[in-house]
Amino acid sequence: MEHYIDQWKSVVAAHLNALAKEKGLDELSFSPERIIAEKPPKPELGDVGFPMFPYAKLFRMAPNQIALDVVARERRIVREGSEVEMASACDWPGNLNAVGPYLNVYLDRARAVEYLLAHSKEASWGSTSSLGGRRVMVEFSCPNTNKPLHLGHLRNNVLGESLSRITAAAGAEVKKVNLINDRGIHICKSMLAYLAYGEHRSPEDEGLKSDHFVGKYYVLFNTLKQEDPQAEQKAQELLQKWEAGDPEVIALWKKMNDWAVEGIMATYKRQQVSFDEFQFEHDTYKLGREEVLDGLARGIFYRGEDGAIWIDLEDMGLGKKVLLRKDGTSIYITQDIGTAIMRHETWPFDELIYVVASEQQYHFKVLFEVLRRLGYAWATNLYHLSYGLVNLPSGRMKTREGTVVDADDLIDELAKLAAQEIIEKGRAEAVGDIQSVAEKIALGALHYYLLQISPNKDMLYNPEQSLSFTGDTGPYIQYMGARASSILRKYEQGEGNATQGSPDPALLVSDADWPLVRLLIELPFTVEQSAKNRDPSILAGYAHAVASEFSAWYRDNPVLNNENPNMSASRVALVMAVQSTLRRASELLCVPFLEAM
RNA sequence: GCGUUCGUAGCUCAGCUGGAUAGAGCGACGGACUUCGAAUCCGUAGGCCGCAGGUUCGAGUCCUGCCGGACGCACCA
């Protein structure tokens, strides 16, 4: 359904056009998209506001006068009927009022309540069709297989997963892909250290999660380097052997790689992120080479004096960039060129979103431009969702300096604290499986913390603050969901007198209930906006607003304890709408919904 | 040096395509549990929106310059 703001933009545009015609200003024409709308600062001022300033000069009228004129027109049309679309016949009926230079709409509250109660029951509540028919591929995570996931990956993973869910909710067909970086010099370093210190031990032998085991040897490479000055060179040789297909090297690579991947998969499962397809760099790293050579033949690229193949992007201020080494081997971007083409061939997408840290902005600009120059029309549909780095109060995370916040350790610690909270608050019995609920609270806290900030911004990871469960956090939203669920549970058990009445939308139109209703009907539009901007933080802010509004609302407005059975039943229906709204928003934000906590 | 990006309350962040008195959370201070769960709620204090110009009826939002931070400018991924 069309957003009520868009609908009323059309109404206002129609009125302004009529006014223009009447004044003989035939060249003036306002399309609905150009009408500026906003949310009035106070609810009593109305539900949508239209400032009239922009039209003052054009009409040679004071903004106040324009507002009054439009209102008069609207009244006349409502009274007499007209070929102009009547507001009362729209999805979102309401009436117009002039408040100084502003034109404000008061929605028909009963109709809005009806809409909410009917639609929030549906399983698809919150879904829209704004991206209907579009195929969107989302690439995210893309870990190296030489060490376990850390906090930065967690941000990437939850951004990718949440964005995928939101995009799907906006109607698109989504495919989530993960390109595992399982080859390269970094892997060889872990392998070399394992050869030096591993003594054929397995992760089980050391009692370590398999990816942590591999990571341990990656760190040990630093030790090795101090003992053996040749270490770096040996790693290079190992890479060459790997590329040559040396069976022994391949066997070791496979063994360590499997360990790393196995551990990483376990973390995905725990984080509740998933992929529709895994791609492996050892399969893709040669892709793109032919493409680059072809581009060379077609004069799009050139061979430098050094023998390597280059692209000149000076005209775009991007400088020159190597696309293929002089020995004909692929580099990072060669692989990405091939992978993009392969992806579009196997699954023709309308859009491909790369969820990759902001440090790679230059890389993606070059990549997209290369593909465009190669003549791929779809290259304009590639999008780099650049997200900022996660910093610690002490500075940037660095593996070698041991300042990394490990993903598994972090979730462990959060879960431990959540379990403590449950016990301290005496909720152990009500909650049932403490460990399971604590894990969900931990994920809710972590995911919300990572998603509430606009993706493009660097963020500061404050351990203390992230471990807190109070305030603008995931657990706060979970708590409000649990409270709503609790009320509904009591209702089902027959508490209160709601069962003796029946819901009536007309009872929910007072100022007591309206702010909550108006917020709840925004879910589909917020999902749409979040998808359009590729920004889960918009939805996160909305989820918090709903939780907060609900919290204030149920303090003042008795639901089950209401003396009027019909009012009680109506409010139960409203709580159901709150529950399904929070449930859906949480799901899209990868924050587990809890019936009790 | 060049490019990208960010700079809003003590701290962490919102502020949609410029619009009606700049909003949350944390922290501080003061209140509220015989009443649908206090992981909650209510109130108070706290802001030359980095600085300076410009565009506009109107700028936290757009443009220019400067200052400050982050990231990038590899035949590494």
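Numbered from 1 within each chain, the chains take letters A, B, ... in sequence-line order. Predicted, not measured: the structure shown is a model, and the values here were computed from it.
Checking C75(B), G37(B), C13(B) against every side-chain atom of Ala596(A), the shortest atom distance belongs to G37(B). The listed nucleotides are U12(B), C36(B), C75(B); the one nearest the side chain of Leu460(A) is U12(B). When distances are taken from the side chain of Leu560(A) to each of G7(B), U40(B), C36(B), the shortest belongs to C36(B). Here A20(B) is the nucleotide among A20(B), C13(B), C75(B) with the atom lying nearest to any side-chain atom of Asn104(A). Side-chain proximity of Ile331(A) to G19(B), A77(B), C6(B): nearest is A77(B). Residue Pro51(A) has its side chain nearest to G19(B) when only A39(B), G37(B), G19(B) are considered. Distance from the side chain of Asn144(A) is smallest to A77(B) among G7(B), A77(B), G37(B). Of the candidates C13(B), G19(B), G37(B), the closest approach to any side-chain atom of Ile36(A) belongs to G19(B).
Between Pro143(A) and Asn181(A), the closest side-chain pair of non-hydrogen atoms is not below 4.5 Å.
With respect to Lys286(A) and Glu243(A), no salt bridge is recorded, no charged nitrogen being found less than 4.0 Å from a carboxylate O. Taking the charged nitrogens against the carboxylate oxygens, Asp211(A) and Lys147(A) have no contact shorter than 4.0 Å, which rules out a salt bridge. Using a 4.0 Å cut-off between a side-chain N of Lys or Arg and a carboxylate O of Asp or Glu, Lys321(A) and Asp312(A) do not qualify as a salt bridge.
Side-chain to base pairing of Asp306(A) with C75(B): one donor and one acceptor N or O lie within less than 3.5 Å of each other. Between the base of A77(B) and the side chain of Asp182(A) there is no donor-acceptor pair shorter than 3.5 Å.
Among all heavy-atom pairs drawn from Ser162(A) and Leu589(A), the shortest one is OG-CA, 3.9 Å. Considering all non-hydrogen atoms of both residues, Val405(A) and Leu392(A) come closest at CG2-CD2, 3.7 Å.
Side chain of Glu528(A) to backbone of Leu523(A): no donor-acceptor contact under 3.5 angstrom is found. Judged purely by atom type and a 3.5 angstrom limit, Asn104(A) uses its side chain to pair as donor or acceptor with the backbone of Leu45(A). In this structure, the side chain of His363(A) does not engage the main chain of Ile333(A) through any donor-acceptor pair within 3.5 Å. Judged purely by atom type and a 3.5 angstrom limit, Trp253(A) uses its side chain to pair as donor or acceptor with the backbone of Asp182(A). Between the side chain of Arg534(A) and the main chain of Leu163(A), no donor-acceptor pair closer than 3.5 Å is present.
Looking at heavy-atom distances under 4.0 Å, Ala235(A) makes no contact with the nucleic acid at all. Base contact: Ala308(A) has a heavy atom under 4.0 Å from a base atom. Using a 4.0 Å heavy-atom criterion, one finds that Asn557(A) contacts the bases of the nucleic acid, with or without backbone contacts as well. At a threshold of 4.0 angstrom between heavy atoms, the contacts of Met459(A) are confined to the sugar-phosphate backbone, with no base atom among them. Using a 4.0 Å heavy-atom criterion, one finds that Leu323(A) contacts no nucleic acid atom at all.
One P atom belongs to U5(B), the other to U44(B), and the distance between them is 40 Å to the nearest Å. Taking atom P on both C42(B) and A24(B), the two are 10 Å apart, rounded to the nearest angstrom. Using atom C1' as the reference point in both U35(B) and C48(B), the two lie 48 Å apart (nearest Å). Annotation: A22(B) and U61(B) have their P atoms spaced 15 Å apart (nearest Å). The C1' atoms of G19(B) and G25(B) are separated by 27 Å, rounded to the nearest whole Å. A distance of about 13 Å separates the C1' atoms of C6(B) and C13(B), rounded to the whole Å. A gap of 23 Å separates the P atoms of C49(B) and C57(B), to the nearest Å. Straight-line distance between the C1' atoms of G27(B) and C71(B): roughly 31 Å, to the nearest whole Å.
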Seminar exercise, completed: 5' to 3', nucleotides 21-26 of chain B under a 4.0 Å protein heavy-atom cut-off (B base, S sugar-phosphate only, - none) gives B--SSS
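Evaluation of the side chain to side chain contact (heavy atoms under 4.5 Å, CB included) rule for Ala418(A) yields Ala438(A), Ile441(A), Phe469(A) as partners, not counting sequence neighbours.
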Atom pairs, protein N/O to nucleotides 62-72 of chain B N/O, distance under 3.5 Å:
| unit_1 | atom_1 | unit_2 | atom_2 | d |
| --- | --- | --- | --- | --- |
| A70(B) | O2' | Asp458(A) | OD2 | 2.9 |

Can you tabulate the close N/O pairs, meaning under 3.5 Å, that link protein atoms to atoms of nucleotides 56-59 of chain B?
| unit_1 | atom_1 | unit_2 | atom_2 | d |
| --- | --- | --- | --- | --- |
| C57(B) | OP1 | Lys57(A) | NZ | 2.4 |

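In this entry the base of C48(B) is anti relative to its sugar, with a glycosidic angle more than 90° from 0.
For RNA chain B, the neighbouring residues in residues 478-497 of chain A, judged by any heavy atom under 4.0 Å, are Tyr479(A), Met480(A), Ala482(A), Arg483(A), Ser486(A), Ile487(A), Lys490(A).
Taking the centre and axis of the six-membered ring of Tyr387(A), the NZ or CZ atom of Arg155(A) falls outside the cone set by 45° and 6.0 Å. For the pair Arg483(A) and Phe550(A), the cation does not sit on the ring face, since its NZ or CZ is not both under 6.0 Å from the ring centre and inside 45° of the axis.
Positionally, the nearest nucleotide of RNA chain B for Pro455(A) lies more toward the 5' end than for the other of Arg183(A) and Pro455(A). RNA chain B is contacted by both Tyr476(A) and Pro40(A); Pro40(A) maps to the nucleotide lying nearer its 5′ end (nearest heavy atom per residue).
A distance below 6.0 Å separates the ring centres of Phe525(A) and His3(A). Two rings, from Tyr102(A) and Phe53(A), have their centers less than 6.0 Å apart.
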For this session: Show your reasoning for whether side-chain contact (heavy atoms from CB on, under 4.5 Å) applies to Tyr4(A) and Ile521(A).
Result: CA-CA 10 Å; Tyr4(A) 58 84; Ile521(A) 59 178; 3.9 Å; yes
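Stems are defined here as 3 or more consecutive Watson-Crick or G-U wobble pairs with pairing distances under 3.5 Å; those involving RNA chain B are B:1-7 with B:67-73, B:10-13 with B:23-26, B:28-32 with B:40-44, B:50-54 with B:62-66.
Under a cut-off of 6.0 angstrom, the local environment of NZ in Lys9(A) is crowded, with over 12 non-hydrogen atoms contributed by other residues, nucleotides or ligands.
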